[in-house]
Participant: 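Take a look at this one; I'll ask things after.
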There are 2 protein chains.
Amino acid sequence: MEKDGNQQLRLAIQRLARRIRSNAADDDVPESQRSVLFTLDNHGRQSLSSLSEHECVTPPSMNRTVNTLVAAGLVTRATAEDDARRIELDLSDVGRAFVSETRRRRDAWFTKQLAALSAQERGILDAAVPVLKKLAEQ
Amino acid sequence: MEKDGNQQLRLAIQRLARRIRSNAADDDVPESQRSVLFTLDNHGRQSLSSLSEHECVTPPSMNRTVNTLVAAGLVTRATAEDDARRIELDLSDVGRAFVSETRRRRDAWFTKQLAALSAQERGILDAAVPVLKKLAEQ
DNA sequence: TATTGTTATACTCTATAACTATA
DNA sequence: TATAGTTATAGAGTATAACAATA
């Protein structure tokens, strides 16, 4: 890869990620809350402190975010059976439906963008998927 | 491209963009300010209102951000010669150096990640660059 | 009268410090 | 005494409304 090919690739990825976010965001739910919903969907029921660690936010801050989500009916809160200090946070049915719907909208937008490409271009992207995944996870 | 290949590609891009940001961010300068510096570097000297439009922020909000940047010596402010209502905002030399340094650090991190790939994998990514760019800009 | 920027004020999200309940 | 969560309070960053200066 040539000298500034790196920069071209990095810029293209950052720009595309920005477009995905701005085109598929649901402005009614702020990013901080949406991120918690997706974390609960991806990693399941968990305590306040594990959630705050995962989101790189302090417990008091996460507490407030969670309160909002519980008040909105998107998240459920329950005391843990084995340790009365801990609370178990999880998605409610409404929260789960919200996550599915958000995901569906993102995919719909992205699929529409892909449809404008040629078969050859889509083939190039298909080949790149595993490499991008490796890059994101290594 | 198969059914959920779209989703795989979208997820890989979003994850990779997140990693680029978290690994190369300069925590001393908040994202809102950094974004203004990059906009001035990319699009040159401009007024408060054009800057606020570009950043999708209200003029009072941008005014505050700009005040901070001027106080920090990263941005210069001057009354426009042809219209005394307008102000011209631009990068100072220090601001320009900051932008270069940030860019250099991002590239360094990303280049290091790419170095872990095989020649074949890098070739696949090279081929994908123009397609990703098209996707980000269409 | 319209436009450009600024000030006043309030709301949201985040943080640190201090507190309560449980282990 | 240590841990999980909460409350109190303060600092960014943003918004709307009202204002000042200039065109």
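Excluded from the calculations below are hydrogen atoms, water molecules and symmetry mates; all remaining heavy atoms, backbone and side chain alike, are included. Protein chains get the first letters and strands the later ones, always in sequence-line order, with residue 1 at the start of each.
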Participant: Could you check A/Val57 against B/Ser50 and say which one's nearest nucleotide on DNA chain C is further toward the 5' end?
Facilitator: B/Ser50
Participant: Considering just the side-chain nitrogens and oxygens of B/Arg34, establish if one lies under 4.0 Å of OP1 or OP2 belonging to D/dG13.
Facilitator: no
Participant: C/dA23 P sits how many Å from A/Arg86 CZ, rounded?
Facilitator: 11 Å
Participant: Grab the CE-P distance between A/Met62 and C/dC13 for me, whole Å please.
Facilitator: 12 Å
Participant: Figure out the CG/C1' separation between B/Asp83 and C/dA2, and round it to whole Å.
Facilitator: 12 Å
Participant: If we ignore hydrogens and angles and just use 3.5 Å, is the side chain of B/Ser92 paired with the main-chain N or O of B/Thr76 as donor and acceptor?
Facilitator: no
Participant: Rounded to the nearest angstrom, tell me the gap between atom CG in B/Asp82 and atom P in D/dT22.
Facilitator: 15 Å
Participant: A/Arg77 has an atom CZ; how far is it from atom P of D/dG5, in whole Å?
Facilitator: 9 Å
Participant: Donor-acceptor pair, B/Arg106 side chain versus B/Ile20 backbone, under 3.5 Å?
Facilitator: no
Participant: Less than 4.0 angstrom between a side-chain N/O of A/Ser61 and OP1 or OP2 of C/dA15, yes or no?
Facilitator: yes
Participant: Could you please name the option among D/dA17, D/dT22, D/dT7 that lies closest to any side-chain atom of B/Pro60?
Facilitator: D/dA17
Participant: Ignoring hydrogens and angles, tell me if any N or O in the side chain of B/Asn42 forms a donor-acceptor pair with the backbone of B/Phe38 under 3.5 Å.
Facilitator: yes
Participant: Do the side-chain N and O atoms of B/Ser35 and B/Glu55 include a donor-acceptor pair separated by under 3.5 angstrom?
Facilitator: yes
Participant: Taking only side-chain N and O atoms of B/Thr58, does any of them lie within less than 4.0 angstrom of OP1 or OP2 on D/dT14?
Facilitator: no
Participant: Please test A/Arg77 against A/Glu88 for salt bridge (Lys or Arg N to Asp or Glu O under 4.0 Å), starting from the C-alpha separation and ending with a verdict.
Facilitator: CA-CA 6 Å; A/Arg77 140 190 265 145; A/Glu88 305 267 24; over 6 Å; no
Participant: Of all the choices, C/dT6, C/dA15, D/dA2, which nucleotide is nearest to the side chain of B/Pro59 once you look at every atom?
Facilitator: C/dT6
Participant: Rounded off to whole Å, could you give me the CG-to-P distance for the B/Leu48 and C/dG5 pair?
Facilitator: 5 Å
Participant: Within residues 63-71 of chain B, which residues have any heavy atom lying less than 4.0 Å from an atom of DNA chain D?
Facilitator: B/Arg64, B/Thr65
Participant: Using the side-chain heavy atoms of B/Arg85, tell me which of these nucleotides is nearest: C/dA23, D/dA23, C/dC13.
Facilitator: D/dA23
Participant: Counting side-chain heavy atoms from C-beta on, which of C/dA23, D/dT7, D/dG13 comes nearest to A/Ala84?
Facilitator: C/dA23
Participant: Which of the following nucleotides, C/dT4, D/dG5, C/dT7, is nearest to the side chain of A/Ile87?
Facilitator: D/dG5
Participant: Quick one: do B/Glu101 and B/Arg103 make a salt bridge, cutoff under 4.0 Å?
Facilitator: no
Participant: CD of A/Glu88 versus C1' of D/dG5: gap in Å, rounded?
Facilitator: 13 Å
Participant: So which nucleotide from C/dT16, D/dT14, D/dG5 ends up closest to the side chain of A/Ser49?
Facilitator: D/dG5
Participant: So, A/Thr111 side chain and A/Ala108 main chain: donor-acceptor pair closer than 3.5 Å or not?
Facilitator: no
Participant: May I ask you to check whether A/Gln14 and A/Arg18 show a side-chain donor-acceptor distance below 3.5 Å?
Facilitator: no
Participant: Just how far, in rounded Å, is C1' of C/dT12 from CD of A/Glu31?
Facilitator: 15 Å
